[in-house]
Amino acid sequence: MSTDPEQIYVTQPYLPPLDEFIPYLEKIWESKQLTNNGPFHQQLEQALGEYLGVEHIALFTNGTIALITALQSLRITGEVITTPYSFVATSHSLLWNGIKPVFVDIDRDTLNLDPARIEAAITPQTTAIMPVHCYGRPCDVEAIQAIADNYNLKVIYDAAHAFGVRDAGGSILRHGDLSVLSFHATKVFNTFEGGAIVCPDAKTKTRIDHLKNFGHVSEVAVVAPGINGKMSEFNAALGMLQLKYIDQALARRREIDAVYRKRLEGVAGIQCMPAERGDISNFAYFPILVEADYPISRDDLHQKLKDNGIHPRRYFYPLISDFSMYRGLPSAHPDNLPVAVEAAEKILCLPIYPNLDDRQIDTITRLIAAQSCI
Ligand SMILES: *Cc1c(COP(=O)(O)O)cnc(C)c1O
């Protein structure tokens, strides 16, 4: 057991100064509009659109309801091709719509859905592809779109990790038919709980806005079996305040990423993911691969760090395809997913969040390096 009581978790939610939130609360108390597209909700949709560089955003109560609604809005049915290497909400959103997930293996370099393997998994029942920009690293959006176009499939990106990520042409969120964000406490940008769908046009956003409000289009008309997916004014106000600090938070994440890389350079058996461009990435996670030539196993390193008060996470282990509600699917068989199986066995996500200081990074990297020297 650790003698140092300090515990370092994989992430720590980013919180703005509390006193700065009070005026926002006072406004809510004055207006008495607590939800249903109130002033902060409208402001946040506008502000996020500007910040992210996308035109149409529908805010949600969380990312999972947003995923479920995104599938509903496009009337996706049958089978959807997706990745086993993600948080379980990705596939759960399919099951909640009565859709059969079809798992396709990931690419070794990006750990995202491997476009080269998608075609072989398409059947007459396939209606869509649901890739994930895992760790905020962009999918091969061009290749995925080419396949979707060829087979007339929709593409819904689970972009829960990809807040603020861009490519040469602009926001990564502009790709596909829809992109879904999560603003959960653990994510790069948080509203405690929250999420959003990035829509290609105003008409799609209107349809999604109806769906997240029970299908109401007026006081007396309901046009679809919608759900309650609305973001409250409290969460939206928090989002407005968080936005003031997001650039600062991202800058610190970028520094931490660089420090980790420097300190872990040359540690035999530890491999970092390829470095990303600072101006277009969000450094949401810091995954390392514990390779066979590292002196102890990934799980032993995980335990060793935990014994010292450091709590990295094995994102994503187990694979989604290993959970009981998916295991029986033919596509879930480990033989179908060798790259994902290997990644799930090697990966460890190290703590990364704006308030992590260099001394803490030093403690973490020293412990990792020390195992190599025993
Ligand atoms: C966090 C996350 C979700 C779910 O978002 P919530 O806002 O927590 O519902 C979905 N997919 C991925 C990949 C995530 O990391």
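Remember, it's a predicted structure, so these values are computed and weren't measured experimentally. First listed ligand is number 1; within each ligand, the first listed atom is number 1.
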*asked:* Need the ligand 1 atom indices (1-based, order shown) with element for anything under 4.0 Å from a heavy-atom of Ser182.
replied: 1 (C), 5 (O), 6 (P), 7 (O), 8 (O)

*Identify whether NZ of Lys or CZ of Arg in Arg253 sits under 6.0 Å from the centre of the six-membered ring of Tyr14 and within 45° of that ring's axis.*
no

*If you measure from each non-hydrogen atom of Asp158 to ligand 1, which part falls under 4.0 Å: side chain, backbone, both or neither?*
side chain

*Would you mind running through ligand 1 and noting each atom that sits below 4.0 Å from a heavy atom of Phe87?*
2 (C), 3 (C), 12 (C), 13 (C), 14 (C), 15 (O)

*Looking only at N/O atoms, are Thr64 and ligand 1 under 3.5 Å apart anywhere?*
yes

*On the 0 to 90° scale, with breaks at 30° and 60°, tag the His161-Phe316 ring pair as parallel, tilted or perpendicular.*
parallel

*Aromatic ring proximity, centroids under 6.0 angstrom, Phe163 and His133*: no

*Using the ring-ring contact (aromatic ring centres under 6.0 Å, His included) rule, pick out the option among Phe87, Tyr315, Tyr285 that qualifies with Tyr135.*
Tyr285

_Quick check on contacts: which atoms of ligand 1 are under 4.0 angstrom from a heavy atom of Lys187?_
1 (C), 2 (C), 14 (C), 15 (O)

_Within the 4.0 Å heavy-atom shell around Gly194, which atoms of ligand 1 are there?_
7 (O)

*asked:* I want to know if ligand 1 touches Gly63 in the polar sense, i.e. an N/O pair below 3.5 angstrom.
replied: yes

*With a cut-off of 4.0 Å, which atoms of ligand 1 are near a heavy atom of Ser86?*
13 (C)

